[in-house]
Amino acid sequence: MSEREQGLKDGGEGAVHTLESAGVRVWKDAPAREGRYNPQEIEPKWQARWAADPELYAAEPPTSGKPKYYVLEMLPYPSGQLHMGHVRNYAIGDALARYKWMQGANVLHPMGWDAFGLPAENAAIKNHREPREWTFSNIAAMKVQFDRLGLAYDWRNEITTCLPEYYRWNQWFFLRMYERGLAYRKKSKVNWCPQCATVLANEQVIDGRCWRHEEQIVEQRDLEQWFLRATRYAEELVEGLETLEGWPEKVRTMQRNWIGRSEGAEVGFAVEGSSAEVRVFTTRIDTIFGATSLQLAPQHPLVAGFAAADQALAREVDALVAQQAAAREAGDLGAIEKHGVATGRYAINPFSGERVPIWVGNYILADYGTGAIMSVPAHDARDYEFATKYGLEIRVVVVPAAGQASGQVPVELPYLADEGVLSDSGIYDGLAPVEARQLMSDFARQRGFGTETVTYRLKDWGISRQRYWGTPIPMLYCERDGIVPVPEDQLPVLLPANVAITQEGGSPLAKVPEFVNATCPRCGGAARRETDTMDTFVDSSWYFYRYTSAHDDKAPFDTRTVAYWFPIDQYIGGVEHAILHLIYSRFWTRVMRDMGLITNDEPVARLFTQGMVIKGGAKMSKSKGNVVSPNEMITRYGADAARMYSLFAAPPDRDLDWQEDGVAGVSRFLGKVYRFATRHAEQAASAALTLPAVLTGEEQAVLRKLHQTIARITEDFEDRWHFNTSIAAIMELVNTLNAAEPAVEAGRLSPPVLRHVLDRLLLLLAPFAPYLSRELWEVTGHQDGLLRAPWPAYDPALIAAEEMEFPVQINGKLCTVIRIGTGADEAAFEAAALADEKVQARIAGRQVVKIIVVSAKMVNLVVR
RNA sequence: GCCGAAGUGGCGGAAUUGGCAGACGCGCAUGGUUCAGGUCCAUGUACUCGCAAGGGUGUGGAGGUUCGAGUCCUCUCUUCGGCACCA
């Protein structure tokens with residue numbers, strides 16, 4: 001290891017550290033030894049040494065006997081600039097990786113580039129730069145920033161998703177999915193962003209607007225698109241959430257809502273005078289006797305038939321469609337003013353045999369459930385609103401308690417509660433809604449007009465993008481053979497270079513004849529290539545598997561190596577990926593499992609979502625002009641200070657308000673550490689490794705503080721992840737050491753104790769400030785590297801004190817503190833409290849009713 | 001509307017199980033060091049009454065449980081995040 005051979009130092013042996021008389025302060029006495037903390041000198045020095053050893057952060061192969069630990073931060077998009085959110089994200093992951101190395105784990109800590117995507121094309125349009133060239137120059141620039149930050153990545157397994165060696169496997173997976181019926185093509189209404197000039201997945205549409213262009217309303221277009229059948233795994237994706245105990249509850253809830261599982265029943269209503277039926281989805285089949293209309297989405301297939309024979313109706317339906325489109329574009333479909341129109345047709349309620357009017361409603365969604373509902377105004381808020389507006393009958397069929405008919409009980413409408421009993425519901429009267437649902441759906445199934453069913457909000461994943469800078473979809477269209485997959489041995493389908501990229505829209509690849517024109521592998525005739533590329537979320541759905549063997553050219557990854565490393569022990573990233581990336585990758589993992597490539601069901605055992613970095617109460621953004629540049633921070637204060645501040649200023653899961661004065665404060669602290677260590681370096685380097693058998697009071701106090709600190713930080717790493725308090729604890733320790741300076745000077749704090757403390761201080765600091773701790777590790781005479789130095793153990797015996805202070809309360813209010821031995825029993829506590837002068841003064845003339853002693857905690861006197 | 005998180009000094013935040021509220025840092029104040037300072041050191045810093053000793057108040061608000069509540073319970077207000085005619 002290069003650290004070792006470079007870790008030389010002129011040693012402590014020749015150093016003569018003479019202390020002047022006890023009255024002289026050491027730091028005044030030894031200014032030459034007490035250096036000035038200069039990160040601009042220290043950091044480049046170690047950066048160069050570390051760069052010389054590419055194996056430094058290398059993970060060991062699965063044959064390693066150590067416990068494995070896969071820690072991963074979400075890979076960045078190579079925009080060219082790191083921002084503070086990245087620094088925070090990587091500072092967390094890097095601290096954890098370094099801690100785990102020190103704990104003796106086999107750590108996998110890789111990094112890569114999510115390198116396909118729209119900004120590269122925008123740069124091409126704006127600055128006439130080739131996307132590939134632009135992307136790679138950005139990667140180079142960002143890698144310099146990564147190195148400056150001193151992040152411990154195993155770059156041997158770097159991945160870059162825009163390289164054919166990576167994206168060929170996207171194509172390979174696509175073909176496998178096509179074979180399994182998991183990838184399919186269909187014409188569909190798609191979300192179209194005019195600014196991106198491409199299709200967006202549902203997940204990329206936020207309130208009817210583009211996720212990249214807040215101001216851009218998303219349009220609906222009809223296009224032939226490739227889809228991945230995510231819905232096939234909907235049930236498993238919901239169920240799997242229950243097993244993800246290491247995930248934030250918030251993220252699990254968001255995913256659960258997104259998948260939107262809903263149990264209910266589908267019921268067919270025969271259309272009067274027709275062989276057709278209207279199938280409705282309902283979660284409240286128990287209220288079916290209260291259905292006083294059916295409501296169809298304007299796009300429902302039956303509606304077109306009704307409208308064909310009725311021009312007035314057709315016009316009304318068109319109006320409803322337009323209203324819906326307008327609401328969708330305004331981003332508040334939820335607030336749409338309800339409108340509807342009666343079709344003049346009727347359907348038959350299969351339970352009651354009643355005629356029910358068929359309406360078309362603008363509040364009915366065509367793409368959820370069956371696109372049709374039974375309207376039960378008495379027991380559904382929306383139906384109630386609609387029925388009231390249009391004067392439709394409102395029939396109460398669930399009442400709060402047994403033995404009461406609807407007419408006798410004032411029921412506040414709509415009555416939405418699931419409690420009570422059915423009424424006016426034929427043979428089901430008197431049943432609880434839950435029981436009724438079961439019996440009624442059983443009945444519907446037996447009679448063949450209905451079935452229990454589960455509906456999901458989750459839709460299949462549309463992955464076609466009419467863009468250039470992405471993975472070509474490996475499909476061919478042959479006039480004779482139709483859709484033909486590209487044979488596996490012809491992969492990768494390379495993305496051609498030098499393609500004209502304009503803002504016009506349509507796939508840029510369609511304008512490249514050399515790309516489009518191909519040969520059909522079946523008939524040998526002419527075929528046309530698919531010119532759409534894949535959504536870049538495909539790239540990130542499985543990238544973390546590739547890190548385990550990033551340059552394998554026979555397979556996407558080595559199955560056995562993946563089995564060793566997966567699931568990821570700790571994944572760290574922004575909460576903004578809670579849905580998109582994290583659902584897609586859970587889906588992809590299951591697909592790969594069903595292909596027999598992996599055995600894990602879930603990719604990530606523990607997920608951590610860090611808070612945003614904000615400034616002045618707002619998210620950093622160019623438009624707000626509150627962006628802080630990591631480069632500037634590193635130049636001004638050093639990478640250690642920038643990293644450490646990002647961990648210190650707030651607990652990692654909360655938003656962090658960036659205050660530059662705070663960075664300066666951390667830098668000051670590092671300076672204190674530097675001065676203390678350099679001041680005592682020679683003394684410590686030459687000291688014995690074993691602690692003296694008899695310790696002075698000051699030595700005990702310092703050692704106690706040290707071991708308390710070790711305990712706190714170890715605990716923070718293991719459970720709480722409150723690195724802000726870890727760093728505060730280190731600061732307290734350093735403050736204690738500085739305060740003990742007179743004791744050092746007076747010889748009451750011996751060199752072996754100093755060495756013991758200083759060594760461990762540097763070990764504790766190593767995950768947070770890798771440069772400074774490494775520098776001082778060298779300065780204090782250590783020959784070996786710090787990266788894999790063992791994490792310090794804490795000694796409970798050194799933490800224990802003989803005597804401590806405990807509070808004494810009177811009627812629950814603090815009165816004073818008493819000093820008493822830690823082993824004292826309750827009686828001793830009581831006696832000590834009562835003997836205290838202040839306590840006596842307070843209780844004089846009053847009656848002590850009760851004395852509560854919490855051993856080794858406190859005493860409370862209840863007086864009257 | 002539904003779900004979730006959070007409200008503590010001038011600021012970021014601490015208080016792990018109900019047991020000394022405000023650790024640590026910033027800022028500020030005073031003093032010192034320095035040719036100089038985006039330097040370093042020391043002391044102080046929740047609010048309030050008081051020259052002081054000492055007292056009172058205090059964790060969004062109102063109640064409650066308890067010897068004791070920032071922490072538990074009930075109600076309520078505010079902020080942020082997610083979802084939202086999803087039948």
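Letters A, B, ... mirror the listed sequences (proteins, then strands); counts begin at 1. Every heavy atom of this structure was used, including side-chain atoms; hydrogens, water molecules and symmetry mates were not.
Using a 4.0 Å heavy-atom criterion, one finds that A:Y384 contacts no nucleic acid atom at all. Contacts of A:V862 with the nucleic acid, taken as non-hydrogen atoms under 4.0 Å apart, involve only primed sugar atoms and P, OP1 or OP2. Nucleic acid contact class of A:D383 (heavy atoms, under 4.0 Å, all strands): none. Among the atoms of the strands shown, only primed sugar atoms or phosphate atoms (P, OP1, OP2) are found under 4.0 Å from some heavy atom of A:G665. Within 4.0 Å of A:Q809, counting heavy atoms only, lies at least one base atom of the nucleic acid. Using a 4.0 Å heavy-atom criterion, one finds that A:R636 contacts the bases of the nucleic acid, with or without backbone contacts as well. The residue A:Q295 sits apart from the nucleic acid: no heavy atom pair falls under 4.0 Å. Residue-level contact check: A:A664 touches neither bases nor backbone, having no heavy atom under 4.0 Å from any strand. Heavy atoms of A:D367 sit nowhere under 4.0 angstrom from any nucleic acid atom. Counting any heavy atom pair closer than 4.0 Å across all strands shown, A:E660 reaches a base atom. Residue contacts shown for A:R279 are absent, as no nucleic acid heavy atom lies under 4.0 Å away. Using a 4.0 Å heavy-atom criterion, one finds that A:E249 contacts no nucleic acid atom at all. Residue contacts shown for A:R712 include a base, since a base heavy atom lies under 4.0 Å away.
With a 3.5 Å ceiling on both atom-pair distances, B:G58 lacks any Watson-Crick or G-U wobble partner. Nucleotide B:G19 forms a pair with B:C67, judged by Watson-Crick or G-U wobble geometry with both contacts under 3.5 Å. Pair assignment for B:C51: none, as no Watson-Crick or G-U wobble contacts are both less than 3.5 Å. The partner of B:U39, taking Watson-Crick or G-U wobble pairs whose two distances both stay under 3.5 Å, does not exist in any strand shown. With a cut-off of 3.5 Å on both Watson-Crick or G-U wobble distances, the partner of B:G27 is given as B:U45. Across every strand in view, B:C80 sits in a pair with B:G4 that passes the Watson-Crick or G-U test at under 3.5 angstrom.
Nucleotide B:G19 holds its P atom 19 Å from the NZ atom of A:K813, rounded to whole Å. The interatomic distance linking A:L814 (CG) with B:G56 (P) rounds to 11 Å, in whole Å. The separation between A:Y368 atom OH and B:A84 atom C1' is 12 Å, rounded to whole Å. Distance CD (A:Q659) to C1' (B:G13): 10 Å, rounded to an integer number of Å. For the pair A:F723 CZ and B:G13 P, the computed distance is 17 Å after rounding to whole Å. To the nearest angstrom, C1' of B:G81 lies 11 Å from CD1 of A:I579. Atom CH2 in A:W258 sits roughly 16 Å away from atom C1' in B:C3 (whole-Å rounding). Atom CD1 of A:I614 and atom C1' of B:G81 are 13 Å apart (whole Å).
The nearest heavy atom of RNA chain B to A:K838 and to A:L365 marks one nucleotide each, and the one closer to the 5' end goes with A:K838. Between A:K857 and A:M254, the residue anchored nearer the 5' end of RNA chain B, judged by the nucleotide with its closest heavy atom, is A:K857.
Using a cutoff of 4.0 Å between basic side-chain nitrogens and carboxylate oxygens, A:R36 and A:E41 are not scored as salt-bridged. With respect to A:E242 and A:R256, a salt bridge is recorded, a charged nitrogen being found less than 4.0 Å from a carboxylate O. Using a 4.0 Å cut-off between charged side-chain N and carboxylate O, A:R284 and A:D383 make no salt bridge.
Against the 90° criterion about 0, the sugar-base torsion of B:G44 places it in the anti range.
For B:G44 and B:C26, the C1' atoms lie 16 Å apart once the distance is rounded to whole Å. Going from the P atom of B:C24 to that of B:U45 covers 12 Å, rounded to whole Å. If you take atom C1' in B:U34 and the same atom in B:A42, they sit 15 Å apart, rounded to whole Å. For the P atoms, the distance from B:C20 to B:G68 is 15 Å, rounded to whole Å. For the C1' atoms, the distance linking B:C75 with B:C67 amounts to 26 Å, nearest Å. Nucleotides B:C72 and B:G19 are separated by 14 Å at their C1' atoms, to the nearest Å. Separating the P atom of B:G4 from that of B:G55 is a span of 45 Å, rounded to the nearest Å. Of the P atoms belonging to B:G37 and B:U48, the separation is 33 Å, rounded to the nearest Å.
At least one side-chain nitrogen or oxygen of A:R675 sits closer than 4.0 Å to the OP1 or OP2 atom of B:C41. In terms of phosphate contacts, A:N724 brings a side-chain nitrogen or oxygen within less than 4.0 Å of OP1 or OP2 of B:A14. One finds no side-chain N or O of A:R720 lying less than 4.0 angstrom from the OP1 or OP2 phosphate oxygen of B:A14. At B:C83, none of the side-chain N or O atoms of A:R457 fall inside 4.0 Å of OP1 or OP2 (strictly under the cut-off). Taking side-chain N and O atoms only, A:R668 has a distance below 4.0 Å to OP1 or OP2 of B:G27. The phosphate of B:C86 has neither OP1 nor OP2 within less than 4.0 Å of any side-chain N or O from A:N257. Applying the 4.0 Å criterion to OP1 and OP2 of B:A87, one finds that A:S262 has a side-chain N or O inside that range.
Side-chain to base pairing of A:N860 with B:C67: one donor and one acceptor N or O lie within less than 3.5 Å of each other. Scanning atom types as modelled, no donor and acceptor separated by under 3.5 angstrom connect the side chain of A:Q255 and the base of B:G82. Residue-to-nucleotide contacts include no donor-acceptor pair under 3.5 Å from the side chain of A:Y645 to the base of B:G12.
Distance alone, capped at 3.5 Å, is enough to place a donor-acceptor pair between the A:N811 side chain and the A:V863 backbone. Side-chain atoms of A:Q324 come within 3.5 Å of backbone N or O of A:N362 as a donor-acceptor pair. A donor-acceptor contact shorter than 3.5 Å is absent between the side chain of A:R720 and the backbone of A:E715.
The distance between the ring centers of A:Y37 and A:F669 does not fall below 6.0 angstrom. For A:F723 and A:F717, the distance between ring centers is under 6.0 angstrom.
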- Message: Show, in sequence, the C-alpha distance, side-chain angles and deciding distance for A:Y645 and A:Q659, and conclude whether the side chain to side chain donor-acceptor pair (under 3.5 Å) test is met.
- Response: CA-CA 9 Å; A:Y645 174 73; A:Q659 297 185 356; 5.1 Å; no
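The side chain of A:R382 has B:A87 as its nearest neighbour among B:A87, B:G27, B:C67.
If you take CD1 on A:I799 and NE2 on A:H707, they are separated by 7.5 Å, rounding to the nearest 0.5 Å.
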